[in-house]
Each structure stands twice: as structure tokens, then as C-alpha cells.
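Predicted model only: the values in this text are computed from it and were never measured. Order of the sequence lines sets the chain letters (A, B, ...), proteins ahead of strands, with each chain counted from 1. Heavy atoms only: backbone and side chains are in, while hydrogens, waters and symmetry mates are out.
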2 protein chains.
Amino acid sequence: MKTKDEIIRVALKLFNRRGTRRVTTNHIAAEASISPGNLYYHFRNKEAIIRDIFVRMDETGRGMFAAIFSKSPDPAERMEAAFRSIQAFNRRFIFFKRELPALVMGDPKVKKLYLASHRAHLAMIGSLVDESVESGYLKPMDGSERRAFAELSWFLALYWINYLEVSGEPIDDRGIQRGIALSRFLLEAVRSPSSRG
Amino acid sequence: MKTKDEIIRVALKLFNRRGTRRVTTNHIAAEASISPGNLYYHFRNKEAIIRDIFVRMDETGRGMFAAIFSKSPDPAERMEAAFRSIQAFNRRFIFFKRELPALVMGDPKVKKLYLASHRAHLAMIGSLVDESVESGYLKPMDGSERRAFAELSWFLALYWINYLEVSGEPIDDRGIQRGIALSRFLLEAVRSPSSRG
DNA sequence: GTCTATAGCTGGATAGAC
DNA sequence: GTCTATCCAGCTATAGAC
């Protein structure tokens, strides 16, 4: 593997374990078995490493979400599968979710990318909701109701892992299942009577 | 004002503005117009300052939430007022909400206090939901539905300000109003038909 | 209680040889 | 591309006078 990729891989691992604050460039270099000087040959500074991880994360995420939403079995199943995928994704880059405000507000480039991605996700969920209303799976809703449902669903998926962590619950299948139960509760609230089992 | 209180006041202001990471004990001392040495006379270290702020925050919060939930006008209004109060509270201690995972997971004493407070809030909301079901304001629900509704409501109130911030929306009345709209959406989902206007 | 002065350390980042 | 060596800034925390 290329040195640069190895630095990223190791940095992500350490950031997830101990947070960007406590992980120094020296730690990363040591764990990657290279010299500090070499690390600085590949990256301008620590911030650049974080940004690079973010860009890769964003690309991974876009591909993943597109794949999720293009599949279309039963809408309830799809929602559940989507929730599960998003949690796995969030867990893989958990340091970013933990430090979201600091990282997004601290680096204008990250902020710009993050906002674009945020809007894309909301729009994707929004059109999914529109489709489901049109198909009669969801009950008739006006624009503001649709947006409320879409945003709540996204909001839940976005923060659930963080909530589990600070609530002292382990991030395991049971915890994810609890999140799915909440997203089902949301879904039930907007199901059309005719689509209920 | 006592020097100790002044340190706390200034530290909270700076933490909210720039985050605990970038604010040093020297900054706090300078802003409080005292010497670094004097700061260390009053606090063992920086962590102790953060913890002290947290303890005061917790006390403030308990009092505030108890007051909110003991008032009882129309349940919908009460929910709205509660949401508003919680957002104002979260904003006042916004650094803590931004750095929640790091602060909670990094200091065992903070973690313990936070968990106790988290559970107390969930329980408070839970009994409020029970009451509202019994009174017929909310539709009949079993235990798991009640818990889902209570937890979603709390979850929303807890992360809303954070969500606004990272979404690039200003934390102003309009943003809070958007949050209230989502909590209303949740409430509508569980209102009993007879209680609807 | 408050100050000045400073020890002691850590970590980001660079220079220059290979 | 990679290393060694090192500089420098900035921060925490303490010592000791007042």
C-alpha cells in the first residue's frame, strides 16, 4: 500500500480510538512505522490529514447512499436497511461524528463539503418520501409534513450512534435495533391505513 | 463577584466561543484579569474548571426542567414551552453540547453525573407521556410505543441545536421554530383523535 | 488571595542528508 | 520518498514573594 494511504488508514484508526485531540502526528507516524518527517512529506499538516479522511468518507458515503436508495423492495424494509447501513458507516468514521461541530466549523473546506452532502441526503430522502406518498404507501401529506418526516428520519440516523455512546449504551446490534424501533415508530405515524399489515 | 465565580463565568464564555481545546488556562486568566498562578490557586487544572461548569449546568438544568414539567396548561403548549427552554439552556452551555462525547467519555465523574441526569430526564418525560395517555390527550399506546415517543422527543430536544449549527443554519428564533415544528409533527402522530382541534 | 517568574514538557513543523 | 535532528511556540502547572 502507498504510504499516503497507510497514513490515512492508521490515522482513522487512532482518531476513532482516542479522538483527533489526543492523537498527535508523532503517534500517527509511529503507528504507521514511518518517521514524523516523512508524514509531513505526504501531508502539509494534521488538519490536512483530517480533511483527506473526510473527503474519502464523503465519497464512500455518497456511493453507499445512492446504492441504498436505488434498491426498492418493501419501503419499510428499505428504511430499515438504510438505517443499518448508515449506522455502520457512522461507526466506521465515528471520530467524525463525535467531533462534528468542531471539525465542520473549524475548517471551511470541510464545512462546504459537509453542507453539500447534508443537502444531497435530505433531498434524496425527500424524493423517496414523495414517491412513497404518490404510490399510496404513505398517507397523503402536504409539503411541510413530508419535510418534517424526512428531516426527522435523517436526524435520527445521523445522531443515533452518538446518542447511544453518550447514553452509556454499547454500540452493538441491540443498540442499533433500538434505533430501528424508533425509525419504525416514525414510519408508522405516516403509513397510509391501507398499506398496514 | 468571587474570583472563582468569575473564572467560571469567563471560562464558559470562552469555551462557548472557541471550544475547550483552543481555550487555554492563560486565556481564561487574561480574560478574567487575573494571573495564571491565581487561576491555579482556585482550580487544580483545566479539567476541574470544565467539571465545575458541568456541575453548575446540571444543577441549573434540574431546577429548570422540574419547573417546566410541573406547570400544566395545554399539553401541546407545554411541550412547546419545554422545547424552547431546553434550546435556550443548550445554547447557554453550547460548548458542552458540541463536545458531548469527548467530555462525557473523557471524565468519569462527568460521565456519572451526565448519565444520572439523562435518565432522570427520560423518566420525567416518560411519566408525562403516561399521564397524557391516561387523561386521553394522547391515543392509547403500549409501553414500547410510549417509550419510543418519549425518547424521540428527548432525542430531538437534545440534538436540535447541534443539528442547526452543523447544518449551517443560524441558531435563532426561526431555527428553534423549525425544531418545534418537528416536535409538533411527533406529537400529532400520537394525539388521540378526540383531542384534536 | 494574588502576583511574577519560570520550569518542564509536548507537539507541530522544518532543514538538510541520503 | 524517507530519514535524523532539531527548532520553536505554546501550554500546564508550580515556586515563592508579597
Undergrad: Whole Å only: how far is the CD1 atom of B:Ile28 from the P atom of D:dT12?
TA: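 In whole Å, D:dT12 P and B:Ile28 CD1 are 8 Å from each other.
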Undergrad: Expressed in angstrom and rounded to an integer, what is the separation of B:Phe43 atom CZ from D:dT12 atom C1'?
TA: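 One finds 16 Å between C1' of D:dT12 and CZ of B:Phe43, rounded.
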Undergrad: Tell me the interatomic distance from A:Arg44, atom CZ, to C:dT14, atom P, rounded to whole angstroms.
TA: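 Taking atom P of C:dT14 as the reference, CZ of A:Arg44 is at 7 Å.
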Undergrad: From the set D:dA13, D:dT12, C:dC3, return the single nucleotide nearest to any side-chain atom of B:Ile34.
TA: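 Ranking D:dA13, D:dT12, C:dC3 by closest atom to the B:Ile34 side chain puts C:dC3 first.
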Undergrad: Check the distance between C:dG11's P and A:Arg21's CZ and give it to me in whole angstrom.
TA: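 After rounding, the reported distance stands at 10 Å.
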Undergrad: Checking B:Asn90 side chain against B:Asn162 main chain: does a donor-acceptor pair fall under 3.5 Å?
TA: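 No, B:Asn90 side chain to B:Asn162 backbone: no donor-acceptor pair under 3.5 Å.
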Undergrad: Taking only the side-chain heavy atoms of B:Asn26 (C-beta and beyond), determine which of D:dT12, D:dA13, D:dG1 contains the nearest atom.
TA: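 Nearest to the side chain of B:Asn26 among the choices is D:dT12.
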Undergrad: Starting from P on C:dT10, measure out to CZ on A:Arg22 and report it in whole angstrom.
TA: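 So the two atoms are 14 Å apart, to the nearest Å.
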Undergrad: Given B:Phe15, which of B:Phe54, B:Phe95, B:Phe93 fulfils the ring-ring contact (aromatic ring centres under 6.0 Å, His included) condition?
TA: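 So, applying the ring-ring contact (aromatic ring centres under 6.0 Å, His included) to B:Phe15 and each of B:Phe54, B:Phe95, B:Phe93, only B:Phe95 qualifies.
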Undergrad: Is the shortest side-chain N/O distance from A:Tyr40 to OP1 or OP2 of C:dT14 below 4.0 Å?
TA: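 Indeed not, no polar side-chain atom of A:Tyr40 lies that close.
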Undergrad: If only side-chain N and O atoms of B:Ser35 are considered, is one of them under 4.0 Å from the OP1 or OP2 phosphate oxygen of C:dT2?
TA: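 It does not, given that no N or O in the side chain of B:Ser35 lies less than 4.0 Å from OP1 or OP2 of C:dT2.
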Undergrad: Which one, C:dG12, D:dT12, D:dG1, comes nearest to the side chain of A:His42?
TA: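 From the listed options, D:dG1 comes nearest.
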Undergrad: Just the rounded figure in Å: distance from C1' of D:dT12 to OH of B:Tyr41.
TA: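 Atom OH in B:Tyr41 sits about 20 Å away from atom C1' in D:dT12.
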Undergrad: Starting from C1' on C:dA5, measure out to CG on B:Asn38 and report it in whole angstrom.
TA: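 Checked: the CG to C1' distance equals 15 Å.
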Undergrad: Taking the inter-plane angle between the rings of B:Tyr159 and A:Tyr163 on a 0 to 90° scale, is it parallel (under 30°), tilted (30 to 60°) or perpendicular (over 60°)?
TA: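 Judged by the thresholds at 30° and 60°, the geometry between B:Tyr159 and A:Tyr163 is perpendicular.
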Undergrad: Respond yes when some side-chain nitrogen or oxygen of A:Thr3 is under 4.0 Å from OP1 or OP2 of D:dT2, and no when none is.
TA: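 Answer is yes, contact under 4.0 Å.
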Undergrad: Regarding A:Thr24, tell me which of base, sugar-phosphate or nothing describes its non-hydrogen contacts under 4.0 Å with the strands shown.
TA: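 Contact class for A:Thr24: sugar-phosphate only.
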Undergrad: Salt bridge (charged side-chain N to carboxylate O under 4.0 Å, His left out) with B:Glu6: which of B:Lys4, B:Lys2, B:Arg9?
TA: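 Between B:Glu6 and the candidates, salt bridge (charged side-chain N to carboxylate O under 4.0 Å, His left out) is satisfied uniquely by B:Arg9.
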Undergrad: Please give, in whole Å, the distance from D:dC11 C1' to B:His27 NE2?
TA: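 Those two atoms, NE2 and C1', are 9 Å apart.
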Undergrad: With a 3.5 Å cut-off and no angle check, do the side chains of B:Ser183 and B:Glu80 form a donor-acceptor pair?
TA: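 No, B:Glu80 and B:Ser183 have no side-chain donor paired with an acceptor closer than 3.5 Å.
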